Visitor: 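Here it is, the structure in full.
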Amino acid sequence: MTEAAFQKCINPDCGAQFDCAQAIFKCPACGELLDIRYDWDKIEVPRKLSEFAERWATRDNRLDFSGVWRFRELLNFCEDRHKVSIGEGQTILQPNDAVAEYVDMQAGRLYLQYEGLNPSGSFKDNGMTAAFSHAKMVGASASACASTGNTSASMALYAHSCKVKCTVFIGSGRIAFGKLSQAMDYGAATIQIMGDFDDCMRQVQDVCTQLGLYLLNSLNPFRLEGQKTIMYRIIEGLGWEVPDWIVVPGGNLGNSSAFGKAFLELKELGLIDRIPRMAIINATGANTLTHLVNNKKLSWNDGKVDQQIIDDYYADLTARNFSPHTCASAIEISRPVNLKKCLRTIDICDGVVRAVTDEEILDAKAIIGKHGLGCEPASAATIAGLKNLREEGLIGGDQRVACVLTGHLLKDPDKTVNYHKDKQGQFSNPPVEAPNDLDEILKLIK
Ligand SMILES: *Cc1c(COP(=O)(O)O)cnc(C)c1O
Ligand SMILES: [Zn+2]
């Protein structure tokens, strides 16, 4: 533990504070989400963000090598000896003019932050390295999570590397094969519940409370601290400049929550002079955030979120026996646990929320793939959403936009194969059948 960090309830009427040595995950006083807060006066934060670049020269230090811990002063909640790292965050920000053309943006203005390059193939590793460092700090010996897939893959990898037991809860039949294969291969005990992600999420919280397991869902505020670094790396990739827009898929809303917090802190520390806007993209089949923000006008309101609007909507989902459905399984969530923190991000970043169809997602995914980066459907929601926001005129073609590609193509090969083989979309590229005959084959290759 460091002197400088503490946990604080996000509910302004409560504001209870707790030591970082506790693993509680929800405010014991009022049940709200917790934040990690810092007493910045007690931390030696570099005076300029560019000072972090000096650590590129000392990459033989495992913490300087990590794309998360390279920025450790900005998530200073535990001592170095507890920090777990398996080389996460070696990700790239790349301009992509071909994809820019697809969304009608000028060349040189669209950047893709490819988080599929993480050890477990998704951005979740950024959060897991931080949460497992906390787990080690509090001496946890067993962990659990509910997962649409990538959290379990990432958790299993980190649990193994720090010798903590792990149990994964997944919904029946919904998880992408690549992700399930990872959880099993990395040695997680996998429990498949007859239900969807939201059911798993409820069960895992009770299981963790009863058995004293360390919870690794994005409810865990330490995970979100690690995910802040995705934004630091985007700024780093832009020569320490801030883009105009960040575009991110919205599922359980941990990423968007972490990103807003990252920018707010950088601004308060005087390390950036302005905060970018943010677009959070849902799938139309799992559009709780879009509905609540755009139709019901739900907002952060200085922390006094109108709980009644949320309760009414969730009661309606229950009454309709609603289960979310989208090809983007990573965002197939209808009761996002970080909803309120995400509302705060929308407030901080002047954010907007949109929903895109599965068809738009799969077409965008094919375009991203064709132009050099394989991502899973949820990641492609960013480009689909950006395309619509360009058509709306909300984002200008000359603005600098960074889209977070959250996970690797090979996580979910079925969706890709079906899209191409079954000619599901306008960019389908199916294999051509050929007889076992050289002349016939030659004729097919023109
Ligand atoms: C978890 C996940 C998401 C959703 O992120 P949230 O932080 O839950 O909103 C999106 N894409 C991929 C690939 C994921 O694994
Ligand atoms: Zn509280």
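On a predicted model such as this, the values are computed, not experimentally measured, just so you know. Whatever order the structure lists them in is the order used to number ligands and atoms, beginning at 1. Heads up: numbering here begins at 1 and tracks the sequence.
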Visitor: Could you list which atoms of ligand 1 come closer than 4.0 Å to a heavy atom of F123?
Guide: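 Here the atoms of ligand 1 in question are 1 (C), 2 (C), 3 (C), 5 (O), 7 (O), 12 (C), 14 (C), 15 (O).
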Visitor: State whether the number of non-hydrogen atoms from other residues, nucleotides or ligands found under 6.0 Å of Q192 atom CD is greater than 12.
Guide: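 Correct, the count exceeds 12.
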Visitor: Check for me whether K387 meets the cation-pi criterion with Y102, that is, NZ or CZ under 6.0 Å from the six-membered ring centre and within 45 degrees of the ring axis.
Guide: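 Yes, cation above the ring, under 6.0 Å and within 45°.
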Visitor: Do Y313 and Q308 have a side chain donor and acceptor closer than 3.5 Å?
Guide: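 Not at all, the side chains of Y313 and Q308 share no donor-acceptor pair under 3.5 Å.
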Visitor: Report the nearest protein non-hydrogen atom to atom 1 (C) of ligand 1: residue, atom name, distance rounded to 0.1 Å.
Guide: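 Atom 1 (C) of ligand 1 sits closest to the protein heavy atom K124 NZ, 1.4 Å.
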Visitor: Using a strict 4.0 Å cut-off to heavy atoms of G250, name the atoms of ligand 1 that fall inside it.
Guide: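 Counting from 1, the qualifying ligand atoms are 9 (O).
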Visitor: Which heavy atom of the protein is the closest neighbour of atom 12 (C) of ligand 1, given with residue, atom name and distance?
Guide: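 Nearest neighbour among protein heavy atoms for atom 12 (C) of ligand 1, to 0.1 Å: T406 OG1, 3.2 Å.
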Visitor: Can you tell me the protein heavy atom closest to atom 6 (P) of ligand 1 and the distance?
Guide: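 That would be L253 N, 3.5 Å.
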Visitor: Do Q227 and ligand 1 have an N or O pair less than 3.5 Å apart?
Guide: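 No, no N or O pair falls under 3.5 Å.
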Visitor: Give yes if a backbone or side-chain nitrogen or oxygen of N255 is under 3.5 Å from a nitrogen or oxygen of ligand 1, and no if not.
Guide: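 For ligand 1, there is an N or O atom that lies under 3.5 Å from one belonging to N255.
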Visitor: Which of parallel (below 30°), tilted (30 to 60°) and perpendicular (above 60°) describes Y158 and F132?
Guide: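 Judged by the thresholds at 30° and 60°, the geometry between Y158 and F132 is parallel.
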Visitor: Consider every N or O of I333 and every N or O of ligand 1, then say whether any pair is closer than 3.5 Å.
Guide: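 No: no nitrogen or oxygen of I333 is under 3.5 Å from one in ligand 1.
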Visitor: So for ligand 1, is N150 a polar contact partner (N or O within less than 3.5 Å, distance only)?
Guide: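 Yes, there is a polar N/O contact under 3.5 Å.
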Visitor: With a sphere of 6.0 Å drawn around NZ of K165, does it hold more than 12 non-hydrogen atoms of other residues, nucleotides or ligands?
Guide: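 Atom NZ in K165 is not packed in, count stays at 12 or less.
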Visitor: If the test is side chain to side chain donor-acceptor pair (under 3.5 Å), which one of R223, E115, Q227 qualifies with N126?
Guide: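 It is E115, the one option of R223, E115, Q227 that forms the side chain to side chain donor-acceptor pair (under 3.5 Å) with N126.
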Visitor: Consider every N or O of A330 and every N or O of ligand 1, then say whether any pair is closer than 3.5 Å.
Guide: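 No: no nitrogen or oxygen of A330 is under 3.5 Å from one in ligand 1.
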Visitor: Going by the order shown, which atoms of ligand 1 are within less than 4.0 Å of some heavy atom of E376?
Guide: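 Within the 4.0 Å cut-off of E376, ligand 1 contributes 13 (C).
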Visitor: Give a yes or no on this: more than 12 heavy atoms of other residues, nucleotides or ligands lie within 6.0 Å of atom NE2 of H160.
Guide: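 Counting neighbours around NE2 of H160, 12 or fewer heavy atoms of other residues, nucleotides or ligands fall under 6.0 Å, so no.
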Visitor: What are the atoms of ligand 1, with element, lying closer than 4.0 Å to any heavy atom of G407?
Guide: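 Those of ligand 1 that fall under 4.0 Å from G407 are 13 (C).
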Visitor: Output yes when the distance from some N or O of ligand 1 to some N or O of N252 is under 3.5 Å, and no in every other case.
Guide: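 In this structure, N252 places an N or O atom under 3.5 Å from an N or O of ligand 1.
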Visitor: Just checking, R70 and F52: is the charged tip under 6.0 Å from the six-membered ring centre and within 45° of the axis?
Guide: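 Not satisfied by the 6.0 Å and 45° rule.
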